[in-house]
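So the structure is just underneath, and the comments pick up after that.
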Amino acid sequence: MLQLYSLFILILDLVILSFKIFFAVIIALYRISRPPPLKSLNREVAVVVGAGQGIGREMVIHLAKFYAKVACIDINKAACNTTVELAQVSAVGITRTYICNITDKNEVTQTVKSIRSELGEITMFFHCCSIPAVSSKVLSRSQEDQPEVKNTVDLAILSYLWLLEMVLPSMELAGKGHVVILSSVAAFSTTVGQNRIPLSAAQFAVQGLAKSLQTEFRRSNNNIIVTLVHIYPFVLSAEVYSDIRFRIPSYFGAIPAKEVAKQILDGVRRNYLEFSVPGFILYLGNISRIFPKEVSFMVSELLHTGIDFG
Ligand SMILES: *[C@@H]1O[C@H](CO)[C@@H](O)[C@H](O)[C@H]1NC(C)=O
Ligand SMILES: *[C@@H]1O[C@H](CO)[C@@H](O)[C@H](O)[C@H]1NC(C)=O
Ligand SMILES: *[C@@H]1O[C@H](CO)[C@@H](O)[C@H](O)[C@H]1NC(C)=O
């Protein structure tokens, strides 16, 4: 009798689950043609880590146009000042420079405290330091200099943990917040040799961090949104671009950092949980995962990108 009952419950659960899956798919399909509205960014206090160059700089310039208060964190004071100056040309929000060595926990604590007292509680968090366009200098040194390997990993993943440890509690208290995690697949390129391996490994750590935060916040139901953005290498600046040979360059033409920042912010403002720039590529991975691993190697060799879409 009890067995029959639990069988009944199981079947009921499965039926309900299939309905839920069905509706999730329908909504996802509907969202392709009619994306969710862009949320307003005024009143947001955004922190952009790695604001001195590349995507970080473009992120700041773009955010500042939407009435957001932006705290620009970088270790390079002159570069960060330039970002602030560029942003202020078209900015309607406040942009301010904060100099911080983000691999140093004490400096992170101090910096977040001063952002809090000067701009208010942090509500949005962007970390743009582990994108190879930004850290390729760190990488190229890593060939001769072993401590640089540690620096790469510290910058790409350890800094996330120090920063989030400071930023998340106040988001949890406020019951809202948006954490944007960028991960780049450029690091997986096989054409550039061994020195990319530390960064490549760190990219997976960053993706794992995003997914565990998403699971955690879904469980605790506290309205903190974690967005994972996959950036594909052919979008990046000439610095990295020259490293990667393309078989079909026109097809995978490079997208300038400015456009990447715009696409990232659009996805973030729509509260997407995971997307890629360019947008369609995330799905290539889903398709290629159906096939044996060998197939994805063959496709990436054909394209000469050295990128493993799976
Ligand atoms: C950056 O800007 C701040 C404030 O505007 C200024 O005090 C500082 O000297 C500037 N630093 C550099 C390196 O330009
Ligand atoms: C940043 O901080 C770390 C940890 O304290 C230290 O090892 C590193 O040398 C610092 N880097 C710079 C450029 O000051
Ligand atoms: C594609 O794969 C990613 C994981 O890499 C997953 O998050 C996403 O939901 C998948 N998309 C579809 C349409 O299956």
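Since we're looking at a predicted model, the values are computed, not measured. Counting starts at 1 for both ligands and their atoms, in listed order.
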Distance-only criterion, 3.5 Å: show the donor-acceptor pairs between side-chain atoms of residues 256-264 and protein atoms not counting sequence neighbours.
| from | atom 1 | to | atom 2 | distance (Å) |
| --- | --- | --- | --- | --- |
| Glu259 | OE2 | Gln263 | NE2 | 3.2 |
| Lys262 | NZ | Asp266 | OD2 | 3.3 |

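Between Thr83 and Arg57, the shortest heavy-atom distance links the atoms OG1-NE, 2.9 Å.
A cation-pi arrangement, defined by a distance under 6.0 Å to the six-membered ring centre and an angle within 45 degrees of its axis, is present between Arg269 and Phe66.
Other residues sharing the hydrophobic cluster of Leu273, ordered by chain and number and joined by side-chain separations under 4.5 Å: Ile225.
For atom 5 (O) of ligand 2, the nearest protein heavy atom (residue, atom name, distance) is Asp104 OD2, 3.2 Å.
Every atom of ligand 2 with a heavy atom of Ile75 under 4.0 Å away is listed here by number and element: 13 (C). Near Thr103, meaning under 4.0 Å from any of its heavy atoms, are these atoms of ligand 2: 1 (C), 2 (O), 3 (C).
The heavy atom nearest to atom 8 (C) of ligand 2, out of those in Asn101, Asn106, Asn151, is found in Asn101.
The pair Glu121-Arg116 meets the salt-bridge criterion, since a charged nitrogen lies less than 4.0 angstrom from a carboxylate oxygen.
Taking a distance limit of 4.0 Å, we find that atom 14 (O) of ligand 2 is approached by some protein heavy atom.
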